[in-house]
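All values below were derived from every heavy atom in this structure, side-chain atoms included, with hydrogens, water molecules and symmetry-related copies excluded. Not measured: the values here are computed from a predicted model. Numbering of ligands and ligand atoms starts at 1, following listing order.
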Amino acid sequence: MSKILVTGGLGYIGSHSVVELQETGTEVVVVDNLVNTTASVAQRIEKITGKPVTVYNVDVCDTKALEEVFIKEDISDVIHFAAFKAVGESVDKPVEYYHNNVSGLISLLHCVKKFNVSSLVFSSSCTVYGDTKESPITEIHPIVEAISPYGTTKILGEEILTDFAKFCDTKIVCLRYFNPVGAHKSALIGELPLGVPSNLIPYVTQTAAGIREQLTIFGNDYNTPDGTNIRDFIHVVDLAKAHVKAIDYANANSISLDVFNLGTGIGQSVKEVVETFERVNDLTLNYTYGPRRQGDVEQIWADASKAKHVLGWETEITLDEMMRSAWAWQQTL
Ligand code: WQD
């Protein structure tokens, strides 16, 4: 039985996607170098689905080791998550991001071509839209310039794939994530930031847990209704389900490359999200306002209608549930 290879499959979005794939009966193989996760996530996935996960501790940049996996396993499709993803960190470590995210993709493409992979789903990002003033934003918005090395690696990734698609039969789908948050309802898997979180929600939950002293909201002087940034927060399980739809879509259609925004289509401010977290979890969060963070886009949220009409996918989980599940997960750590 042919299998789907999930690179970075023990990571935050990867692990939730492995659960959704297994629950549709798909055979999954994971490669993960464990740099941003722990091997125990595989057992937690198995606890949720009742199905074992085949995991290879492999760095996607190690082409020889990656080839070994393709030789051992009958891989039909690939979902490529394995990448560094912290916008702020990428500013401090641009070369590490270029190597891991771009060289890693190139290493994978060597195997995709050599082993005639049928479909490839690529984890892209709304950061490819750069410092846009246009929201809700559609997939045809021009890709000009990212405002972080992380975003640049996603633009480069999409450009390489657009070219690669012309010279191979692999069907390629790029998924542009907005802000993934929350955790599986079992609270067995969720976001596991190593060190001080750069993303908002892990910092919120760690503050609520007393791990962090106080949350600083970066800027309340933006040109938005309450002065704080606006984002499109999407539950990680809704995001994971979109990957199942993307693989099905690629295998059922004679496409070469296609791109989809994955968001709720609803813009919500940082302040609204913090207040929602307090309300649904019946707690008071210790937060203050500080200066703007370099590289932050003022406001961006998705026009997700293309994914709805073409993939037959739309988000179902509310912000309340996103905040409830994030707190439930944090309390297990
Ligand atoms: C969100 C908002 C901050 C921390 C993310 C992912 C990136 C990409 C796009 C997928 C901003 C504010 C944050 C804090 C704060 N997704 N904030 N205090 O920058 O939108 O990027 O979405 O590829 O991978 O990282 O997310 O969570 O860092 O910030 O006020 O302590 O929260 O200013 O307005 P961002 P984020």
Side-chain angles (χ1 to χ4, degrees), residues 8 11-14 16-17 36 80-91 97 100-101 122-132 135 137 146-155 157-158 174-182 191 193 195-208 211-224 226-236 239-240 242-243 260-264 267-277 285-302 319 322-323 326:
Y12 176 38
I13 304 171
H16 286 82
S17 299
N36 247 344
H80 182 43
F81 291 106
F84 293 151
K85 60 112 184 167
V87 172
E89 182 189 54
S90 74
V91 175
Y97 269 67
N100 192 53
N101 293 8
F122 175 66
S123 166
S124 190
S125 165
C126 64
T127 45
V128 303
Y129 296 119
D131 191 7
T132 176
S135 276
I137 198 160
I147 51 176
S148 70
Y150 166 74
T152 299
T153 68
K154 293 302 180 182
I155 290 176
E158 289 197 18
C174 297
L175 300 178
R176 293 174 181 165
Y177 309 156
F178 281 71
N179 288 61
V181 296
E191 195 165 5
V196 180
S198 63
N199 288 132
L200 175 66
I201 299 308
Y203 208 104
V204 165
T205 60
Q206 288 190 13
T207 302
I211 298 166
R212 306 291 159 203
E213 183 60 35
Q214 181 180 59
L215 168 75
T216 300
I217 294 180
F218 299 136
N220 64 338
D221 58 349
Y222 285 97
N223 185 21
T224 60
D226 63 21
T228 64
N229 286 153
I230 295 174
R231 291 288 184 276
D232 186 329
F233 295 92
I234 173 173
H235 195 285
V236 65
L239 192 63
H243 291 75
F260 297 92
N261 283 339
L262 297 184
T264 63
Q268 282 168 312
S269 78
V270 173
K271 186 168 185 286
E272 282 171 335
V273 168
V274 168
E275 288 174 344
T276 302
F277 180 84
L285 197 73
N286 179 12
Y287 68 92
T288 185
Y289 292 100
R292 297 182 176 190
R293 179 175 69 175
Q294 187 197 354
D296 271 338
V297 170
E298 177 172 272
Q299 48 189 308
I300 184 169
W301 67 95
L319 184 67
M322 292 180 215
M323 295 301 105

Asker: Cationic tip of Lys154 within the cone over Tyr97's six-membered ring, i.e. under 6.0 Å and within 45° of the normal?
Answerer: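 Cation-pi check for Lys154 and Tyr97: fails.
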Asker: Before we go on, tell me: are the rings of His243 and Tyr177 under 6.0 Å apart, centre to centre?
Answerer: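 Here the rings of Tyr177 and His243 have centres that are less than 6.0 Å from each other.
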Asker: I'd like the name of whichever of Arg292, Arg231, Gln299, Lys85 reaches closest to atom 20 (O) of ligand 1 through any heavy atom.
Answerer: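 Nearest heavy atom to atom 20 (O) of ligand 1 lies in Arg231.
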Asker: Measure Tyr150 to ligand 1 on non-hydrogen atoms and call it side chain, backbone, both or neither using the 4.0 Å cut-off.
Answerer: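 Side chain only.
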Asker: Under the criterion side chain to side chain contact (heavy atoms under 4.5 Å, CB included), which of Val273, Asn179, Thr276 is the partner of Gln268?
Answerer: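 Result: among Val273, Asn179, Thr276, Val273 is the only option passing the side chain to side chain contact (heavy atoms under 4.5 Å, CB included) with Gln268.
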Asker: Given Tyr129, Phe218, Tyr203, Tyr222, which one has a non-hydrogen atom that is nearest to atom 14 (C) of ligand 1?
Answerer: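 Nearest option to atom 14 (C) of ligand 1, by heavy atoms: Phe218.
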Asker: For atom 28 (O) of ligand 1, what's the nearest protein heavy-atom neighbour? Residue, atom name and distance, please.
Answerer: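 Looking at atom 28 (O) of ligand 1, the protein heavy atom closest to it is Arg293 NH2, 2.9 Å.
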Asker: Determine, stepwise, if the pair Tyr12 / Asn36 fulfils side-chain contact (heavy atoms from CB on, under 4.5 Å).
Answerer: CA-CA 9 Å; Tyr12 176 38; Asn36 247 344; over 6 Å; no
Asker: Report, in ascending order of atom number, the atoms of ligand 1 lying under 4.0 Å from any heavy atom of Asn229.
Answerer: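 In order of numbering, the contacting atoms are 11 (C), 33 (O), 34 (O).
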Asker: Apply side-chain contact (heavy atoms from CB on, under 4.5 Å) to residues Tyr289 and Val270 and explain how you reach the verdict.
Answerer: CA-CA 11 Å; Tyr289 292 100; Val270 173; over 6 Å; no
Asker: Show which atoms of ligand 1 fall inside a sub-4.0 Å distance from at least one heavy-atom site of Asn179.
Answerer: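 The list of qualifying atoms is 1 (C), 5 (C), 20 (O), 22 (O), 26 (O), 35 (P).
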Asker: Nearest to atom 12 (C) of ligand 1, what protein heavy atom do you find, and at what distance?
Answerer: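 Atom 12 (C) of ligand 1 sits closest to the protein heavy atom Val270 CG2, 4.1 Å.
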Asker: For atom 36 (P) of ligand 1, grab the closest protein heavy atom and report residue, atom and distance to one decimal in Å.
Answerer: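 It is Asn199 ND2, 3.4 Å.
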